[in-house]
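What you see is a predicted model; the values in this text were computed from it and never measured. Residue numbers run from 1 in the order of the sequence given. Ligands are counted one by one from 1 in listed order, and the atoms in each one are counted from 1 as well.
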Amino acid sequence: MPYEFLAVEIADRIATVTVNRPDKLNALNARVLEELDLVFTAFDTDRSVGAVIVTGAGRAFVAGADIAEIAANDAGGLERLSAVGQAIFTKIETLSKPVIAAVNGFALGGGCELAIACHVRVASEHAKFGLPEVKLGLIPGYGGTQRLPRLIGKARALRMILTGEQVDANEAHRIGLVDEVATATTLHEVARSIALQMTKNGPVAVARAIEAVNDGFDRLPAEAMALEARLFGSLGATKDMAEGTAAFLAKRPAQFTGE
Ligand code: COA
């Protein structure tokens with residue numbers, strides 16, 4: 001499918017989505033958001049895709065929502081825009097396949113929110129993270145005020161949100177905002193090797209694991225445990241579970257079919 005602002009490649013069951021609007025540092029205008037929605041909707045059911053890497057073209061990952069579009073909105077328009085952005089990033093967070101952010105440069109505002117909606121974050125040593133919305137008289141509106149405290153803790157998140165300061169890749173790693181720092185040259189290889197490790201596993205189990213972590217996260221412990229038991233049990237009816245356990249016992253590699 002042709003996209004105006006995304007480049008999409010699929011190789012070895014790994015889809016790479018590159019936000020490709022480098023003259024505006026890949027800022028998320030309405031069209032980019034719409035295309036992200038389309039591509040992730042397609043990935044969810046595409047059996048040729050086992051994992052997704054998201055990155056940016058040029059010197060930015062994504063430098064935020066498009067400020068020119070934001071400025072043209074009134075209160076109602078901003079609330080609708082926030083709901084649209086939130087829904088797309090939640091689609092990414094709840095995708096049935098792992099999503100890895102390969103953060104190659106600025107991940108600011110909506111770019112930082114996109115990265116933290118992904119399941120894993122790898123950053124190049126030149127990457128910069130920040131939620132600078134307060135500098136514009138705004139607050140993060142694509143899930144940042146909710147996901148960042150859950151990821152790095154309330155106090156550190158509030159510091160980032162209230163100062164609008166940028167943190168570099170090493171600091172982002174120290175505070176748990178990124179999982180690994182790579183060089184600009186190795187970034188994509190590191191992201192790919194994480195994705196490859198994940199695509200070797202049982203696809204149904206990977207999907208249920210994402211569901212268990214996401215759905216259980218904000219529940220009371222007893223409810224979350226019940227959810228885990230239900231999802232764990234559901235895997236007993238899959239060919240993948242039969243194959244994975246049989247392969248282990250026969251000391252051979254598993255051949256998962258995702259059924
Ligand atoms: N929305 C719209 N356009 C953006 C943008 C955004 N979030 N971020 C960058 N751009 C555009 C700039 O307007 C500029 O366009 P122009 O060449 O037509 O003037 C182009 O991208 C390059 O950006 P520029 O500011 O010249 O690069 P820089 O290296 O001097 O600064 C940043 C880089 C990331 C520090 C700076 O662009 C910035 O602060 N961007 C906004 C970040 C932000 O507040 N994001 C949250 C939005 S809610």
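Counting protein heavy atoms only, atom 13 (O) of ligand 1 is closest to K24 NZ, 4.6 Å. Nearest protein heavy-atom contact of atom 1 (N) of ligand 1 is I67 N, 2.9 Å.
A salt bridge is absent between D46 and K97; no separation between the charged side-chain nitrogens and carboxylate oxygens falls under 4.0 Å. Contact check on R147 versus E93 returns a salt bridge, with a Lys/Arg side-chain nitrogen under 4.0 Å from an Asp/Glu carboxylate oxygen. Ion pair R121/E180 not flagged as a salt bridge, since none of the NZ, NE, NH1 or NH2 atoms sits closer than 4.0 Å to an Asp/Glu carboxylate oxygen. Salt bridge status for K91 with D44: absent, with no side-chain N to carboxylate O gap under 4.0 Å.
Remark: atom 30 (O) of ligand 1 lies closer than 4.0 Å to no protein heavy atom.
Using a 4.0 Å heavy-atom cutoff, L136 is listed among the residues neighbouring ligand 1. Ligand 1 has no atom lying under 4.0 Å from any heavy atom of I70.
Contacts between D23 and ligand 1, counted as non-hydrogen atom pairs separated by less than 4.0 Å, involve the backbone only. Counting heavy atoms under 4.0 Å from ligand 1, residue R59 touches it through the side chain alone. The part of P132 lying near ligand 1 is the side chain, judged by heavy-atom distances below 4.0 Å.
Side chains of I210 and N214 form a contact here, defined as non-hydrogen atoms less than 4.5 Å apart.
Residues passing the side-chain hydrogen bond (donor to acceptor under 3.5 Å, both in side chains) test with E125: none are found, sequence neighbours excluded. Annotation: salt bridge (Lys or Arg N to Asp or Glu O under 4.0 Å) contacts of E34 (sequence neighbours excluded): R31.
For ligand 1, the atoms lying closer than 4.0 Å to a non-hydrogen atom of L108 are 34 (C), 42 (C).
In terms of N/O distances under 3.5 Å, ligand 1 is not approached by A68.
Comparing P22, A63, G164 by heavy-atom distance to atom 40 (N) of ligand 1, the nearest is A63.
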